[in-house]
2 protein chains.
Amino acid sequence: MKNTSIEIVIIEDEEDILELVEYHLQKSGFETMGFLSTQNVEQFLEEENPSLMIIDRNLPECEGSEFVAELRKYGCNIPVIFLTAKDRDEDIEEGFIRGGDDYITKPFKPKELVLRVQALLRRSGITSNEKIKYRDLILDIPNRTLTIENNLVELTNLEFKLLHTFIKNPNITLDREFLRDEIWGENGANFNDKTINVTINRLKKKIDPTGEKEYFIPVWGVGYKLG
Amino acid sequence: MKNTSIEIVIIEDEEDILELVEYHLQKSGFETMGFLSTQNVEQFLEEENPSLMIIDRNLPECEGSEFVAELRKYGCNIPVIFLTAKDRDEDIEEGFIRGGDDYITKPFKPKELVLRVQALLRRSGITSNEKIKYRDLILDIPNRTLTIENNLVELTNLEFKLLHTFIKNPNITLDREFLRDEIWGENGANFNDKTINVTINRLKKKIDPTGEKEYFIPVWGVGYKLG
DNA sequence: ATAAGTTGATAACAGATTGATAACAAATAT
DNA sequence: ATATTTGTTATCAATCTGTTATCAACTTAT
């Protein structure tokens, strides 16, 4: 399953509204992640690096704009849209001062919400979050990191390139010649084919030390494929 | 708070409103340039490169959103806020679709307008009146100063540019080529890649002498990223 | 079924590459 | 003229990556 789409976090304690927002965003091609409170959101932000946040202000335990201010204090720069019933002038001002990018008051028009999301993403220079997922692997291309079940796994440059190539081509057997050209390029003239085995092996050990997940399936006499 | 050098174009055919908008923006430190129609605006954009545009839709001879769509077609990427009485759902949608970044309906609250202008400028990377934070670093762009835990840290011009570039691109590994282009520019033709190491190192030592905070994480064979 | 041959897995090693750091020199600004 | 900034070079240290050797697994021919 390939995914290069844009992910949006929504924090809203009223379930129907949360569902409504998620429905419209998904319909427009966004991936969404809903939360009923700010709990666990910070962890999620770190792990997933979503592209945008929509947040209510009247949340249980935590006031939405204070939460955003806190995030900003720690350098989190995610685009934020407040979606809230708090519509007094002072409320709106506070929302922007605390780091919001846009402020929509309830009741809201779903179509306008989507357009404002798109406008904000455009202006933030976000076209796609460039994350590729495969089974429980999450490859963050610009960040050059691999996350497996919320654990960061360190990869070398070569290993990253190799894994990227495989995840870009799932369910396809990549033969040794292809891998040599793709990963090692031209200078692989006098190139020991065992090098591929060794490199795959090192990668295997890093992302699946126990060997139980069988990510790389050897295809005899040909190459490997991702399983 | 000074916003010298940030210039905002306002296109509005009702003179009182134009004056009102200009008054509030100037009070917040912006330079303004008002137009009663779209006439001569294009020429002004080319010559002055203003940072933001506020535009009415019901203008004599020309519909504001069509004007913006036209600008966009020719590659003009200036942040645009519509300020208009056209408040039907379809009007608002049209405003965003034609390239607007924000949409404010009349009657409007001047304070909110200013805040929306500031938010949009911030998000557009026009930060000269802003501070950028990352972890415990506070970068004051107009003053070109760095504060760490309330201590002023002296940076050279080059170091400031480098740190700014990294903070503008969090969660992204910046490769050596990008850094060379971005920081050193074109004249880096015969350019020793070790220069990057050395410069990063000097910066590291200034902002984290003990090396315990690990701001700059080397990515082997690629570049660095902010940690 | 089995043995021979081929291919892949794994570990250890060594060379190569890359980054860190310090010292120096050139350039620039004050 | 002096101080500061910036680029270069040299040395050292860390890490990567290709090679080799050995063992294990698979294929095929008999």
Heavy-atom contact window of chain A on DNA chain C, given 5' to 3' at under 4.0 Å: dT6(C) to dA12(C)

Does the side-chain contact (heavy atoms from CB on, under 4.5 Å) test come out yes or no for Phe67(A) and Arg98(A), once each step is laid out? CA-CA 9 Å; Phe67(A) 179 72; Arg98(A) 291 193 172 157; over 6 Å; no

What's the CG-P distance between Leu203(A) and dC16(D), to the nearest Å? 13 Å

Flag the pair Asp101(A) and Arg72(A) as a salt bridge only when some basic side-chain nitrogen lies within less than 4.0 angstrom of an acidic carboxylate oxygen. yes

Atom-to-atom span, CZ of Phe160(A) to P of dC16(D) - whole angstrom: 14 Å

To the nearest 0.5 Å, what is the distance between CG (Asn201(B)) and CG (Leu203(B))? 9.5 Å

Would you find a donor on one side and an acceptor on the other, under 3.5 Å apart, between the side chain of Glu159(A) and the backbone of Thr156(A)? yes

Test Tyr224(A) against every option in Ile200(A), Ile217(A), Val219(A) by the side-chain contact (heavy atoms from CB on, under 4.5 Å) rule and name the one that passes. Ile200(A)

Check the distance between dC16(D)'s C1' and Lys161(A)'s NZ and give it to me in whole angstrom. 13 Å

I'd like to know whether Phe166(B) forms a ring pair (Phe, Tyr, Trp, His ring centres under 6.0 Å) with Tyr134(B), so could you lay out the CA-CA distance, the side-chain angles of the two residues, the decisive distance to 0.1 Å, and finally the verdict. CA-CA 10 Å; Phe166(B) 272 95; Tyr134(B) 185 85; 9.8 Å; no

Can you classify the ring geometry of Tyr103(B) versus Phe82(B) as parallel (below 30°), tilted (30 to 60°) or perpendicular (above 60°)? tilted

5' priority, DNA chain D, between Thr195(B) and Leu155(A) [closest heavy atom]: Thr195(B)

List the steps, then state whether side-chain contact (heavy atoms from CB on, under 4.5 Å) holds for Leu71(A) with Val41(A). CA-CA 11 Å; Leu71(A) 288 180; Val41(A) 171; 5.8 Å; no

Under 4.0 angstrom between Trp184(A) side-chain N/O and dT17(D) OP1 or OP2: no

With sugar-phosphate meaning primed atoms plus P, OP1 and OP2, does Phe216(B) contact a base, only sugar-phosphate, or nothing at under 4.0 Å between heavy atoms? nothing

Could you list all N or O pairs between the protein and nucleotides 22-30 of chain D that sit under 3.5 Å apart?
none

Taking the nucleotide of DNA chain C with the closest heavy atom to each, which residue, Arg176(B) or Pro218(A), is nearer the 5' end? Pro218(A)

Hey, which of these two, Val198(A) or Lys206(B), hits DNA chain D nearer its 5' end, going by closest nucleotide? Lys206(B)

In whole angstroms, the gap separating P of dG7(D) from CG of Asn157(B) amounts to 11 Å

Figure out the CD/C1' separation between Glu159(B) and dT6(D), and round it to whole Å. 9 Å

Looking only at side-chain N and O atoms, does Thr199(B) come under 4.0 Å of OP1 or OP2 in dT6(D)? no

What is the distance, to the nearest angstrom, from the CD1 atom on Ile200(B) to the P atom on dG7(D)? 13 Å

Regarding Asp193(B), tell me which of base, sugar-phosphate or nothing describes its non-hydrogen contacts under 4.0 Å with the strands shown. nothing

Quickly work out the Arg144(B) CZ to dT5(D) P distance and round it to whole Å. 13 Å

Taking atom C1' of dA21(D) as reference, at what distance in whole Å does atom CG of Asn197(A) sit? 14 Å

Keeping the roles fixed (side chain from Arg116(A), backbone from Ile104(A)), state whether a donor-acceptor pair exists under 3.5 Å. no

Should we count CG of Asn150(B) as having more than 12 external heavy atoms under 6.0 Å? no

